[in-house]
There are 2 protein chains.
Amino acid sequence: MSQNGATGMATVLDVAKLAGVSTATAARALGGYGSVSPATLQRVQAAAAELGYRPNALARSMITGLTHTVGIVLADIENPFFYGALRGITDTARSEGFDVLLANTDEDPAHEHNAIAALVERRVEGLILCPTDGESRAHLSSLIESGMPIVLLDRSMRGLKADSVGLDNRHAAADATRHLIELGHRRIGIITGGPPEAEASLRRPMMKSVEQIGNTTFPARAAGFRDAMLAAGIEPRREYLSAAGFHRHEAEAATSELMQLAEPPTAIIAFDSILALGALLAFRQLGLRCPEDVSLVGFDDAEWAEVVSPPLSVVRQPVYDIGAKACRLLLDRIKNPERKPSSYRMKGTFIERESTAPV
Amino acid sequence: MSQNGATGMATVLDVAKLAGVSTATAARALGGYGSVSPATLQRVQAAAAELGYRPNALARSMITGLTHTVGIVLADIENPFFYGALRGITDTARSEGFDVLLANTDEDPAHEHNAIAALVERRVEGLILCPTDGESRAHLSSLIESGMPIVLLDRSMRGLKADSVGLDNRHAAADATRHLIELGHRRIGIITGGPPEAEASLRRPMMKSVEQIGNTTFPARAAGFRDAMLAAGIEPRREYLSAAGFHRHEAEAATSELMQLAEPPTAIIAFDSILALGALLAFRQLGLRCPEDVSLVGFDDAEWAEVVSPPLSVVRQPVYDIGAKACRLLLDRIKNPERKPSSYRMKGTFIERESTAPV
DNA sequence: TCCGCTTATGAGAACGTTATCACCAGGTGA
DNA sequence: TCACCTGGTGATAACGTTCTCATAAGCGGA
């Protein structure tokens with residue numbers, strides 16, 4: 001099956017020799033370009049089959065300048081939002097003949113930086129990423145300046161000339177908050193997940209100039225929360241805001257802390273599904289009944305949200321569509337690099353189940 | 001920042017010119033091999049920085065024959081088993097300086113075939129895959145023969161000279177079954193998920209020669225189930241075996257069907273977490289209480305298993321470790337292609353929660 | 001002074017494709 | 001007959017690296 005000594009793989013040259021033609025003709029026959037007579041076409045194809053010839057995509061990319069590969073840099077594949085979006089991305093990429101190079105940053109800027117560098121060196125034609133923090137703005141900006149098509153997923157970054165796709169977080173969060181307010185809740189806590197460093201800036205200016213905080217999603221959700229609260233004439237309370245990390249146990253601890261305040265909140269909004277899980281766990285641990293003692297709203301309609309106890313009221317994001325849209329936007333920009341960047345904010349839908357009830 | 005006309009990227013040649021040295025010296029300075037005087041090293045690095053030089057990994061791979069890339073072909077990223085394993089894979093790959101090309105087959109043999117072809121053409125150094133069915137055995141076999149390192153994840157294939165990593169499905173399933181039997185259950189149903197075509201072969205020879213059925217995991221689990229049943233002197237009943245597909249709603253329908261038999265099972269084992277979710281949904285729909293009316297055991301300890309209602313008794317797989325092990329095995333084989341293939345069967349642990357109770 | 005060894009450098013080949021150009025035969029129109 | 005196109009073909013450059021080899025300079029020892 002194999003031929004060439006070094007790599008053990010047959011090359012066009014091998015095929016050409018066996019078929020008795022030049023490499024140029026063999027390449028034309030195999031690549032389906034130029035003009036080849038039916039007879040030689042047939043001969044070359046037979047030779048290729050006999051040798052088990054597989055074209056070397058690297059060599060092809062070298063000369064064409066096209067890798068037909070996109071890079072995906074995600075924060076956490078184990079989060080329902082990300083693997084849902086990833087599914088949308090891989091599906092559309094494949095349908096357009098693109099492959100996907102995946103990197104998981106685990107919210108670590110250093111990993112993100114390395115991952116992006118590696119992908120650039122591999123000459124991916126475009127990048128879908130959700131940047132972990134604001135530090136990398138300059139770096140990303142110069143990357144975009146150098147012509148790399150980039151789509152921001154889930155998170156957007158102020159002043160970055162890149163497409164972005166994500167939820168309309170502000171309105172979605174406002175909807176959820178309004179729902180709780182209508183049920184009579186006044187003391188509402190939020191588990192933002194956001195990095196602990198962000199907590200200070202979240203609390204201090206009381207989310208006044210949210211857009212300045214950075215890139216992640218939670219400031220927008222916090223802003224929506226604040227919008228709804230203020231619209232109802234309720235002043236959000238600092239001690240009800242928590243930002244203790246994205247992991248389940250961190251959310252569990254954060255919720256515990258909130259619920260053990262002298263005057264605990266009567267409702268909690270968790271900013272993603274993992275965080276909601278943590279909150280639920282904390283309730284259970286503290287012997288609190290949901291929704292009798294405390295209401296809970298989550299983000300992301302994970303497949304288990306319906307089966308959990310109690311079935312979770314959530315803001316559903318169209319995760320698959322967000323991923324698919326991001327990928328389509330990227331492929332479009334690859335074809336048409338001059339297009340002005342645009343930002344797509346998908347509508348979330350509030351789904352009421354049994355974890356929310358009147359106070 | 002950029003220089004070269006065509007791709008807009010600076011090359012070694014550009015750097016060399018700017019530094020006033022030959023490409024060879026520039027390459028040596030940048031690549032950190034050979035010997036370079038401190039002075040020129042410094043000059044070259046400065047030039048590279050000024051031009052924003054990024055090495056072209058494609059060109060490097062062409063000449064070195066190494067892509068430092070592994071391909072991962074999964075069935076369904078949205079399944080907790082797979083994204084858990086994927087996480088283990090990407091983490092270990094990164095720690096060894098490898099990148100990951102991801103493909104999702106959605107259990108479609110055609111997709112799988114195309115994905116593998118694409119990855120081979122991209123000259124990945126190895127492949128981690130869970131083959132969808134037995135048809136591709138010959139194809140995989142010739143791929144292995146041609147020297148491609150391959151590790152089978154989750155599923156193994158008889159007679160294939162490849163490493164494989166997965167759960168010790170037979171014993172794990174037997175453990176779970178035994179647990180139910182000890183609780184007094186005699187009428188136990190299994191939701192295998194397996195492709196509908198498999199149902200016939202599953203039922204007819206009553207899982208006699210399970211190893212012959214194919215590659216997927218469920219026959220081994222079915223065998224373990226049968227082991228435990230027969231050991232307890234209970235003859236498994238055909239009508240309690242279902243294989244209706246891997247999706248949640250398919251499992252839901254299958255469970256419904258089982259529970260509406262004249263003599264329904266008193267306990268059900270679902271062969272993965274998505275299927276367990278479907279079963280739970282079916283119970284809810286039919287107004288059946290779990291575990292009072294029917295017990296349920298799932299596979300995979302998804303993060304939500306504990307929070308679901310009722311908290312789910314499961315067979316926990318060490319998903320992350322399975323992925324990590326698969327990747328380590330692959331990287332090891334890349335370094336040492338002559339090593340004999342080995343099969344690792346990880347132990348599952350049965351976790352009793354509240355979805356299982358005496359009849 | 002000459003030999004041998006090390007260090008620093010450059011010229012050029014190589015990887016496996018596609019792209020460019022030139023060539024030839026054979027047909028067509030004037 | 002000549003000019004012109006056109007389908008089929010081959011030689012060879014190009015992509016951006018790394019690798020191999022040759023060479024030159026420096027230096028210590030005999």
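Everything numeric here is computed off the predicted structure, so don't read it as measured data. FYI, side chains are in, hydrogens and waters are out, and symmetry mates aren't considered; it's all heavy atoms of this structure. Labels below follow one simple rule: chain letters A, B, ... track the order of the sequence lines, proteins then strands, and each chain is numbered from 1.
- Of the candidate nucleotides dT9(C), dG16(D), dT18(C), dG16(D) has the atom nearest to the side chain of T11(B).
- When rounded to the nearest whole Å, the span between CG of L66(B) and C1' of dG16(D) equals 17 Å.
- Contacts of S37(A) with the nucleic acid, taken as non-hydrogen atoms under 4.0 Å apart, involve only primed sugar atoms and P, OP1 or OP2.
- Inter-axis angle, ends of the helix from dT1(C)-dA30(D) to dA30(C)-dT1(D), five pairs per end, rounded to 10 degrees: 60°.
- Between the CG atom of N56(B) and the C1' atom of dG16(D) there is a distance of 6 Å, rounded to whole Å.
- For R28(A) and L58(A), each mapped to the nucleotide of DNA chain C holding its nearest heavy atom, the one lying further toward the 5' end belongs to L58(A).
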Chi angles and distances behind the salt bridge (charged side-chain N to carboxylate O under 4.0 Å, His left out) call for K161(B), E338(B): CA-CA 11 Å; K161(B) 292 202 200 87; E338(B) 301 309 327; over 6 Å; no
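- Candidate nucleotides dA14(C), dA11(C), dT9(D) were compared by shortest atom distance to the side chain of I63(B), and dA14(C) ranks first.
- Here the nucleotide nearest the side chain of V21(B), chosen from dT17(D), dG10(C), dT17(C), is dG10(C).
- Side chain of R28(B) to backbone of Y33(B): no donor-acceptor contact under 3.5 angstrom is found.
- Rounded to a whole Å, the CE atom of M62(A) is 7 Å from the C1' atom of dT17(D).
- For the OP1/OP2 pair of dT9(C) and a distance below 4.0 Å, the side-chain nitrogens and oxygens of T40(B) include at least one atom meeting the criterion.
- When atom types are taken as modelled, the side chain of T92(A) and the backbone of G88(A) share a donor-acceptor pair closer than 3.5 angstrom.
- V36(B) places none of its side-chain heavy atoms less than 4.5 Å from the side chain of V44(B).
- Comparing dT17(C), dT9(C), dT18(C) by their nearest atom to the side chain of Y33(A) picks out dT18(C).
- Side chain of D108(A) to main chain of T105(A): no donor-acceptor pair is present (N/O by atom type, distance under 3.5 Å, no hydrogens or angles).
- The aromatic rings of H113(B) and H139(B) sit tilted, their planes meeting at an angle between 30° and 60°.
- Comparing atom distances between the A24(A) side chain and each of dA19(C), dT9(D), dA11(C) picks out dA19(C) as nearest.
- L13(A) places its CG atom 14 Å from the P atom of dT12(D), with the value rounded to the nearest Å.
- A donor and an acceptor atom, one from each side chain of T67(B) and S61(B), are nowhere located under 3.5 Å apart.
- Contact annotation: the side chain of T90(B) approaches that of I77(A) to within less than 4.5 Å [non-hydrogen atoms, C-beta and beyond].
- Between the P atom of dT17(C) and the CD atom of E121(B) lies a distance of 10 Å, rounded to the nearest Å.
- S22(A) has no side-chain polar atom (N or O) that falls below the 4.0 Å cut-off from OP1 or OP2 of dA11(D).
- Rounded to an integer number of Å, the gap from CZ of R60(A) to C1' of dC15(D) is 14 Å.
- Atom C1' of nucleotide dT18(D) and atom CG of L30(B) are separated by 12 Å, given to the nearest angstrom.
- Here the C1' atom of nucleotide dT18(C) and the OH atom of Y53(A) are 10 Å apart, to the nearest Å.
- Close to dG7(D), at under 4.0 Å from its OP1 or OP2, lies no side-chain N or O of S35(A).
- Applying the 4.0 Å criterion to OP1 and OP2 of dT18(C), one finds that T64(A) has every side-chain N and O outside that range.
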